[in-house]
Number of protein chains: 2
Amino acid sequence: MADWLSRNVRIAGVERALKAGEVLFRSEQRTVGLYEVITGKLRLVRVDRAGREALLHVAVAGETLAEASLFAPAYHCDAIATTNAVVRLYPKAIVLTEFERNPETAQAFMAMLARQVMKLRTRVEQRNIHSARDRVRHYLALNTGADGRNVKLTGTLKDLAGELGLTHEALYRTLADMAAAGEIERLKGKIRLSKPLA
Amino acid sequence: MADWLSRNVRIAGVERALKAGEVLFRSEQRTVGLYEVITGKLRLVRVDRAGREALLHVAVAGETLAEASLFAPAYHCDAIATTNAVVRLYPKAIVLTEFERNPETAQAFMAMLARQVMKLRTRVEQRNIHSARDRVRHYLALNTGADGRNVKLTGTLKDLAGELGLTHEALYRTLADMAAAGEIERLKGKIRLSKPLA
DNA sequence: CGGCGTTTTGAGAGAGCTCAACATCGGTGG
DNA sequence: CCACCGATGTTGAGCTCTCTCAAAACGCCG
């Protein structure tokens, strides 16, 4: 996952375990660096004085967290472990000096961010599709393998439902309907389109 | 908007006008650089052999486009003007050499990307909220001014509806209901929360 | 074999979407 | 100055679709 980090930065990473509910950082605190989620889930929230939370993001294993904090003096939201979790901290000073000393590292980081932007924009667009069927079609169209027919499924269908912003029931039904209509075939660990795209 | 660009890069920008339907670039073509949308709308799509489009993103005035292309030899999608449009091209070579020569520029670019990632993650989270009322509340909570009461409205309510992923009718009704319930006040160009958050 | 999570199917209700009609506002040209 | 026009804003009614709650079948692992 962390292919965007040079070896120098990687080895500077410091792991920290969090219990569910524990706070990783709070808004206004001085930024210490960039985090990577190793296991578990954290939620990023903005909290008002009354203690109400407005959810900004849920970060899961493999994601990076607080990228913007590298360039800001203080955090702009709270990060709280939703489950027991392990995170790895890459200290700000080390990362930034590495970026200066080593432009390829900086480029790799930029490239990673740019890819994320693209992926997130796509996901926002996906969520603009109201029909479950069309949303599934959109997902399949953008995730076919090289042959334009097979879509590998990572994780459970329940996970996929979450990624698509559908309830698992809705997804099961939609897939069943599409299979019945001959639009797709459901195979072990993958879905095959009856009509290849590419 | 383009505060993330150093003067050197800015002046290297080349404007180009596109008619509605005109193609800015196609998948597989060699990348020439990064674009900024000055006016109009472009859509980014993946097109299969049958000519069907899968929408990745709609870029509007003020946005940057194809950030990832700086780090890739070829484009991975098509960009097509949806309306008449004007874009500004920042040539790849100039931008990249500027990044190397001028680490602050590189940092500014990274910071801009990181902020975008945050904003997009937040938007995805927003779309996970099903109830129109709660979605509006989420938006208001995250867009109050310094006083925690006033939310400035940029553009029309119709635009806001689009940003929230609601039909304009649904938004009108929701705002009317919230105002009737005393939760908000609707003023010229802004909305005021009856109970400040911060 | 037993238990837990995933997958599947059922029924019902609610919420937003769609289509439609109308009001309002700002700008334009006669 | 006024009439017109287009876009925004507003309200109404009906419908579809997904969500929610429920229950059962299936599969995997200990």
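A, B, ... follow the sequence lines: proteins, then strands. Residue 1 opens every chain. In this text, all values refer to a predicted model and were calculated from it rather than measured experimentally.
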Salt-bridge present (A:R137, A:E183; N to O < 4.0 Å): yes
Rounded to the nearest angstrom, tell me the gap between atom [atom1] in [X] and atom [atom2] in [N].
| X | N | atom1 | atom2 | result |
| --- | --- | --- | --- | --- |
| A:D134 | C:dC17 | CG | C1' | 14 Å |
| B:R173 | C:dA21 | CZ | C1' | 12 Å |
| A:L157 | C:dT7 | CG | C1' | 8 Å |
| A:L153 | C:dT7 | CG | C1' | 13 Å |
| A:H168 | D:dT20 | NE2 | P | 11 Å |
| A:H130 | C:dT18 | NE2 | C1' | 11 Å |
| A:K158 | D:dG27 | NZ | P | 17 Å |
| A:D159 | C:dT6 | CG | P | 7 Å |

Of all the nucleotides listed ([options]), which has the minimum atom distance to the side chain of [X]?
| X | options | value |
| --- | --- | --- |
| B:T156 | D:dG9, C:dT7, C:dC17 | D:dG9 |
| A:E169 | D:dC21, C:dC17, D:dC28 | D:dC21 |
| A:A176 | D:dC28, C:dT9, D:dT18 | C:dT9 |

Within 6.0 angstrom of B:R30 CZ, more than 12 heavy atoms from elsewhere: no
Sugar-phosphate only, base, or nothing, as touched by A:G165 at under 4.0 Å among non-hydrogen atoms: sugar-phosphate
Ring geometry between B:F99 and B:F109 (parallel below 30°, tilted from 30 to 60°, perpendicular above 60°): tilted
D:dG9 phosphate, OP1 or OP2, under 4.0 Å from B:Y172 side-chain N/O: yes
Phosphate contact (D:dC19 OP1 or OP2) by A:T167 side-chain N/O below 4.0 Å: yes
Joint cluster assignment, A:F71 & A:F25, ILVMFWY side-chain distance < 4.5 Å: no
Check: A:E36/A:T64 side-chain N/O donor and acceptor closer than 3.5 Å: no
Heavy-atom donor-acceptor pair, B:R133 side-chain to C:dG16 base, under 3.5 Å: no
Presence of donor-acceptor pair under 3.5 Å, side chain of B:R135 and base of C:dG16: no
